[in-house]
Amino acid sequence: MSNASPPCPPVPDCPELVDQPITYSDVQGTILRGYRVDHARHFILSITQAAGARAVIAALVDGTGGLPRITTAERWANKPDCFVNVAFTATGLTQLGVAKEQLATFDPSFLLGATNAQTAQKVGDVNASAPTNWIGGMADGAAVHAVLSLWVHKNPEVLDRVTDALTTAFAGCITVLSTHDATALPDNQVHFGYRDNIAQPTVQGAPPRKRPMPDAQCEVPTGEFLLGYKNASSGTYSQQPVELSTNGSYAAFRILEQDSKAFEDFLDTYAPAVGLTPEMLAAKVCGRWRNGNPLVLDPDGGIPCLPTEQLNDFHYRDDTHPAQDDRLGLMCPAGSHIRRTNPRDSAVQGGAPSIHRIVRRAMPYGPAYDPADPQSAATPRGLVGYFINGSIFNQFEFLQSQWVQQAGFVMSCTQPWAPKNGNAHWNISGEDVFLGVNTPATSSFTLPVAGPASGNKAVKGFSSMITTRGGAYVFFPSITGLRYLAALPAASAPPAS
Ligand code: HEM
């Protein structure tokens, strides 16, 4: 069957992007900048009195009343000791007085919200991950109105100082439903032991990363991450009023609990069955070794640690150099986490990979897993933060529902020089080992081998090792947008519920 498959369609050239400068001072910083911090605290908020909440927003925009100023994407001469950003749910915007007709122009997925049954089904928040099980007041999506996040570099005491100031400001108008802290692990690791914070989209016009990370992929048009700019489909995500459109962005806020013991057990149990070491299986399910080296540049794990500037400089297809071509996923499986969530130049269904990119701003919570400590396995740990995009529908939800949870999106095409080597379409099965809805009855992860797919190996029968514990779909207004919200007339606000 693979012999009859066509060669992959050519990789399109990078489009010439129209230069549209971004007013950094109008953009909430976390959208375009990684803060490179050690601690974060996320506040899940419910607005009980709109006028007071609007006054808090005004104070945050101006940095008055003892509150820190909302961090923008502007360059700073000295790194601030605290970064702060705030985003609202659809009900939060309604509480503040945004009119129904205006809200109707917002992203339809945002309007449905993260706890909606249809949304949950779509993104795989089912079984233990179902919103009804969510913690910290997030199970009742209608009660969650905003997520405010603080990030601090070295000094966790700053978090407590700013928390005190916020608590005073919130009195009588905003209830804190819960707070969620995150703390960086050494060497940019996340739980499960992988180095993270390597691959991010290079957004046209965004401030350059502090530590440059050359990227073999095209720049992504600004409009994929900021409303009001040209996006990758040559359109513009925009909504009404204009103050709540330009320079705003959306995010899926997620609390994802990781069962580190189950993951290590999975590696130890399944690796021997497919003739791999546990470390190699860990690399195959992610697409990177735990030290960050991508499999396509270090297929056998023979290189100690690639220089940082090489870690993101790779692609999956090479039409002229057979040794560097991995369209079949023999080095980095098509079903690995990084290849599902960003197939780069792989041939896939569902539009070009460039229209489904996502900015990740999440950090670990909970202590590192210690296999020697019997109590450690039961301690909650995971990843908490934002997955940022111009369209929740086209980006976060597309990734979760199409590429993470399905296997049929890899196109049927062969290597031009050796079509008998196999066919990428048959070299993937099941769902993402990290993010999929994996049950013993359905789970499957293919380890392709050269030649016909009938020779492939697969790991089957494992369960999900990551559980969604909380979430919210939120909108980050621009600074102009925050001022607009702060100035909404009291008369247009509905009574607080
Ligand atoms: C606890 C949950 C998660 C874990 C443990 C995890 C782990 C990782 C790791 C280790 C990497 C490689 C490091 C890097 O390339 O920077 C990575 C990359 C990535 N992850 Fe996740 N991830 C999680 C959740 C998610 C979610 C919810 C999404 C989006 C829906 C996502 C999307 C991505 C993307 C887009 C990349 C970069 C791929 C690339 O550009 O090559 N991840 N993740």
Side-chain angles (χ1 to χ4, degrees), residues 34 114 122-125 129 182 185 187-203 209 211 213 215-218 220 224-225 250-260 262-263 282-297 306 308 310-316 326 332 334 336-346 353-354 356-366 369 380-389 392 394-405 431-436 464-471 473:
K122 184 176 185 186
V123 304
D125 285 337
S129 293
L185 295 171
D187 304 322
N188 269 316
Q189 276 184 23
V190 285
H191 295 295
F192 294 178
Y194 296 94
R195 176 168 170 186
D196 196 10
N197 258 325
I198 301 167
Q200 292 282 12
T202 307
V203 182
R209 288 175 82 167
R211 223 178 292 131
M213 197 70 87
D215 186 347
Q217 303 167 94
C218 304
V220 184
E224 290 294 306
F225 297 99
Y250 287 103
F253 175 78
R254 307 283 282 168
I255 302 179
L256 301 169
E257 188 171 303
Q258 295 173 254
D259 186 339
S260 294
F263 185 64
K284 292 285 184 185
V285 298
C286 179
R288 291 186 185 274
W289 295 90
R290 294 208 243 204
N291 67 7
N293 285 358
L295 275 170
V296 285
L297 299 184
L306 286 165
T308 302
Q310 289 179 27
L311 288 176
N312 199 30
D313 201 7
F314 65 91
H315 47 80
Y316 297 118
D326 194 32
C332 179
S336 64
H337 175 67
I338 68 162
R339 200 158 167 174
R340 280 180 182 268
T341 52
N342 180 14
R344 299 186 180 224
D345 55 353
S346 312
S354 63
H356 306 297
R357 302 292 305 277
I358 203 140
V359 163
R360 297 172 294 135
R361 303 282 186 229
M363 278 173 67
Y365 68 89
Y369 172 58
R381 57 177 61 79
L383 195 69
V384 55
Y386 298 98
F387 294 84
I388 299 178
N389 43 217
I392 293 177
N394 277 334
Q395 291 161 271
F396 176 74
E397 286 192 346
F398 181 92
L399 285 191
Q400 289 275 155
S401 64
Q402 304 298 304
W403 290 348
V404 159
Q405 289 182 66
E431 306 190 11
D432 187 355
V433 173
F434 287 176
L435 301 178
S464 290
M465 292 162 272
I466 294 180
T467 307
T468 311
R469 290 288 181 218
Y473 283 168

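All ligand and atom numbering here is 1-based and tracks the order in the structure. Computed from a predicted model, the values in this text were never measured in an experiment.
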| What distance do Arg360 atom CZ and Asn197 atom CG have between them, rounded to the nearest 0.5 Å? | 7.0 Å

| message | Classify the ring geometry of Phe434 against His337: parallel below 30°, tilted from 30° to 60°, perpendicular beyond 60°. | response | tilted

Can you sort out which atoms of ligand 1 are near [X], meaning under 4.0 Å from one of its heavy atoms?
X      : result
Arg195 : 13 (C)
Tyr194 : 10 (C)
Leu256 : 1 (C), 2 (C), 27 (C)
Ile466 : 1 (C), 2 (C)
Gln258 : 1 (C), 5 (C)
Arg344 : 39 (C), 40 (O), 41 (O)

With sequence neighbours left out, write down each residue that passes side chain to side chain contact (heavy atoms under 4.5 Å, CB included) with [X], or none if nothing qualifies.
X      : result
Asp345 : Val11, His315, Tyr316, Arg317
Glu257 : Tyr365, Pro380, Arg469
Ser129 : Asp125, Thr467, Thr468

Check [X] against ligand 1 and report side chain, backbone, both or neither, counting heavy atoms closer than 4.0 Å.
X      : value
Ala252 : neither
Leu383 : side chain
Gln200 : neither
Val404 : neither

| message | Whether the side chain of Asp196 engages the backbone of Gln189 through a donor-acceptor N/O pair (distance < 3.5 Å, no angle test) should be reported. | response | no

| request: Examine distances only and state if a side-chain atom of Glu431 and a backbone atom of Val404 form a donor-acceptor pair shorter than 3.5 Å. | output: no

Got an N/O contact under 3.5 Å between [X] and ligand 1?
X      : value
Cys286 : no
Gln400 : no
Asn342 : yes

| query | Under 4.5 Å between any side-chain heavy atoms of Glu224 and Val203, yes or no? | reply | no

| pair Tyr473-Phe396: side-chain heavy atoms closer than 4.5 Å | yes

| Is any NZ, NE, NH1 or NH2 atom of the basic residue among Arg339 and Asp326 found under 4.0 Å from an Asp or Glu carboxylate oxygen of the other? | yes

| note | Ignoring waters, protein N/O/S atoms under 2.8 Å from atom 21 (Fe) of ligand 1 are His337 NE2

| query | Given Met465, Arg288, His356, Arg339, which one has a non-hydrogen atom that is nearest to atom 15 (O) of ligand 1? | reply | Arg288

| task | May I ask you to establish whether Arg254 and Phe387 are in a cation-pi arrangement, using a distance under 6.0 Å from NZ or CZ to the six-membered ring centre and at most 45° from the ring axis? | result | no

| task | Would you kindly say whether Gln217 and Asp215 are connected by a side-chain donor-acceptor distance under 3.5 Å? | result | yes

